[in-house]
2 protein chains.
Amino acid sequence: MNVRARQKAATQASILQAALEIFSEKGFDGASTREIAAHAGVHHALIKYHFTSKDALWRAAVTFLFQRQAAELSLPAPNDPAHASYRDFARAVIRAVVLYSARHPEHARLMVQESVRDSERFRWAADEFIVQTRQAAEAFILLCQREGILPKVSVPALAYIFVGAAQLFYTLAPEVRRVWGIDPSDPEVIEAHAEALTAVLVR
Amino acid sequence: MNVRARQKAATQASILQAALEIFSEKGFDGASTREIAAHAGVHHALIKYHFTSKDALWRAAVTFLFQRQAAELSLPAPNDPAHASYRDFARAVIRAVVLYSARHPEHARLMVQESVRDSERFRWAADEFIVQTRQAAEAFILLCQREGILPKVSVPALAYIFVGAAQLFYTLAPEVRRVWGIDPSDPEVIEAHAEALTAVLVR
DNA sequence: TGTTACGTTATGCATTTGCATAATGAAATG
DNA sequence: CATTTCATTATGCAAATGCATAACGTAACA
């Protein structure tokens with residue numbers, strides 16, 4: 001790779017990284033491209049050059065989030081010999097989701113900022129990515145219900161119960177720190193949360 | 001109350017109502033006072049006149065939310081004769097929290113927008129209001145643990161599991177509608193969610 | 001080594017923003 | 001009925017915003 005190509009990739013990466021941070025903390029309207037550029041340490045005109053527009057940058061950030069999620073959150077198959085039982089499999093899935101939420105809290109933050117209202121941007125993300133997440137969540141819940149691990153109640157409700165219970169602790173990390181005096185980025189705290197969620201969900 | 005006082009109260013109420021909606025959907029930075037004024041159907045200069053500044057308007061909105069919550073979410077006492085058992089009491093609390101989250105989704109939306117980062121505004125809200133919520137949540141969880149209703153795991157984790165599981169379904173109502181094809185404002189759907197959460201939490 | 005390609009920077013512009021100040025007009029008051 | 005009070009409106013302003021355009025400088029290449 002060239003010097004120029006390397007530099008170009010580095011610039012794009014730093015812009016994307018800054019975009020994730022600012023968008024996730026302030027939402028699309030609250031974030032300014034100049035603030036993102038300053039945070040990335042580049043000239044603001046480079047955002048237009050590399051990402052065309054603020055809207056396109058936001059979509060690039062969302063695409064990055066879901067691609068990384070797909071890569072990192074490769075859930076093990078239910079019949080994987082690594083699991084002694086479906087119950088163990090369910091525990092592994094819950095733990096994996098909690099660890100992902102803890103590792104990348106900006107994912108849930110950025111999405112929740114946009115999913116509280118029905119914008120064009122939100123609809124694009126929903127159709128492009130969230131629909132797939134629904135499939136996985138639904139399949140997992142149905143399996144757990146069949147095996148008697150989860151109660152046989154509303155599947156959509158269970159889906160948001162699961163996800164909400166897994167991510168709010170990290171989405172609201174500043175609140176957890178200030179009001180409860182504990183740090184949701186501490187590995188031990190994360191383990192305790194995963195254990196708690198497993199105890200609540202797996203019967 | 002004379003004509004002027006009545007009109008003044010009506011103006012303030014409509015501004016506050018609009019502020020709740022715009023702040024909860026766009027966050028503090030993303031919301032503009034002119035948009036709030038337009039949404040309330042009043043001249044934008046009235047916001048400064050009645051609420052001094054954008055920041056003060058935000059704090060008035062948050063104050064309103066928590067005061068209304070305190071009024072509407074008056075949790076029944078554990079030893080109230082209306083409850084046959086602590087288990088029934090726990091079910092009543094869970095149902096009440098779910099119904100409140102469904103009735104006023106803007107509360108969680110507005111707070112989550114500000115609680116994802118450690119701003120001065122957030123710290124004020126945390127110290128002024130959220131600390132009290134913590135007390136109630138902690139007491140409720142400890143009671144449930146003593147009675148064998150909830151597993152004896154991390155209390156802060158359980159608190160965010162409970163709240164996250166109760167409110168995400170309504171915070172992300174547009175997502176639920178688009179991706180799952182159901183309406184989180186439908187009373188039957190709300191009942192199903194309350195039932196699901198109760199089934200998951202109460203053992 | 002001279003030229004080109006292209007990542008980067010400088011600058012401009014119309015619009016939006018929060019806030020300030022002065023003007024207005026009708027209800028309240030005596 | 002004259003006057004005052006005060007909720008409301010009109011207008012201004014500096015700063016910030018997204019985006020456009022042109023200049024710049026150096027790595028890449030023939």
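Just so it is clear: chains get the letters A, B, ... in the order the sequence lines come, proteins before strands, and each one is counted from 1. Quick note: numbers below take in every heavy atom, side chains included, and nothing from hydrogens, waters or symmetry partners.
- Closest-nucleotide positions on DNA chain C for A/H43 and B/H43 were compared, and the one nearer the 5' end corresponds to A/H43.
- Listed nucleotides: D/dA28, D/dA20, C/dA28. Nearest to the side chain of A/A45: D/dA20.
- Atom-to-atom, CD1 of A/I47 to P of D/dC19 comes out at 10 Å; the value is rounded to the nearest Å.
- Using a 4.0 Å cut-off between charged nitrogen and carboxylate oxygen, A/R103 and A/E72 count as a salt-bridge pair.
- The side chain of A/R4 has D/dG25 as its nearest neighbour among C/dG18, D/dT5, D/dG25.
- Regarding B/W58, its CH2 atom lies at a distance of 20 Å from the P atom of C/dT17, rounded to whole Å.
- Contacts of A/A31 with the nucleic acid, taken as non-hydrogen atoms under 4.0 Å apart, involve only primed sugar atoms and P, OP1 or OP2.
- Using modelled atom types, one finds a donor on one side chain and an acceptor on the other under 3.5 Å when comparing A/E114 with A/S119.
- One interatomic measurement links the two molecules: CD1 of A/I15 to P of C/dT9, which rounds to 10 Å at whole-angstrom precision.
- Taking atom CZ of A/R6 as the reference point, atom C1' of D/dA28 lies 14 Å away to the nearest angstrom.
- For the pair A/S32 and D/dT17, the criterion of a side-chain N or O lying under 4.0 Å from OP1 or OP2 is met.
- Salt-bridge check for A/E195 with A/R95: failed, with every basic side-chain N at 4.0 Å or more from each acidic carboxylate O.
- Heavy atoms of other residues, nucleotides or ligands lying less than 6.0 angstrom from CD of A/E138 number more than 12.
- Rounded to whole Å, atom C1' of C/dT16 lies 12 Å from atom CG of A/D29.
- Regarding contacts with the backbone of D/dA27, every side-chain N or O of A/N2 stays at 4.0 angstrom or more from both OP1 and OP2.
- Map A/T11 and B/D55 each onto its nearest nucleotide of DNA chain C; the residue landing nearer the 5' end is A/T11.
- Comparing C/dC19, D/dG18, C/dT17 by their closest approach to the side chain of A/R34 singles out D/dG18.
- Each of D/dT9, D/dT21, C/dT17 was ranked by its minimum atom distance to the side chain of A/K48; first place goes to D/dT21.
- Computed from coordinates, the B/Q7 CD to C/dG25 P distance equals 17 Å when rounded to whole Å.
- For the pair A/F23 CZ and D/dG18 C1', the interatomic distance rounds to 12 Å; values are reported in whole Å.
- A residue-by-residue look at B/K8 and B/H44 shows that B/K8 has its nearest nucleotide of DNA chain D further toward the 5' end.
- For the 3.5 Å distance criterion, the side chains of A/H193 and A/Y170 qualify, holding a donor opposite an acceptor.
- One can place CG of A/L46 at 15 Å from C1' of D/dT21, the figure rounded to the nearest angstrom.
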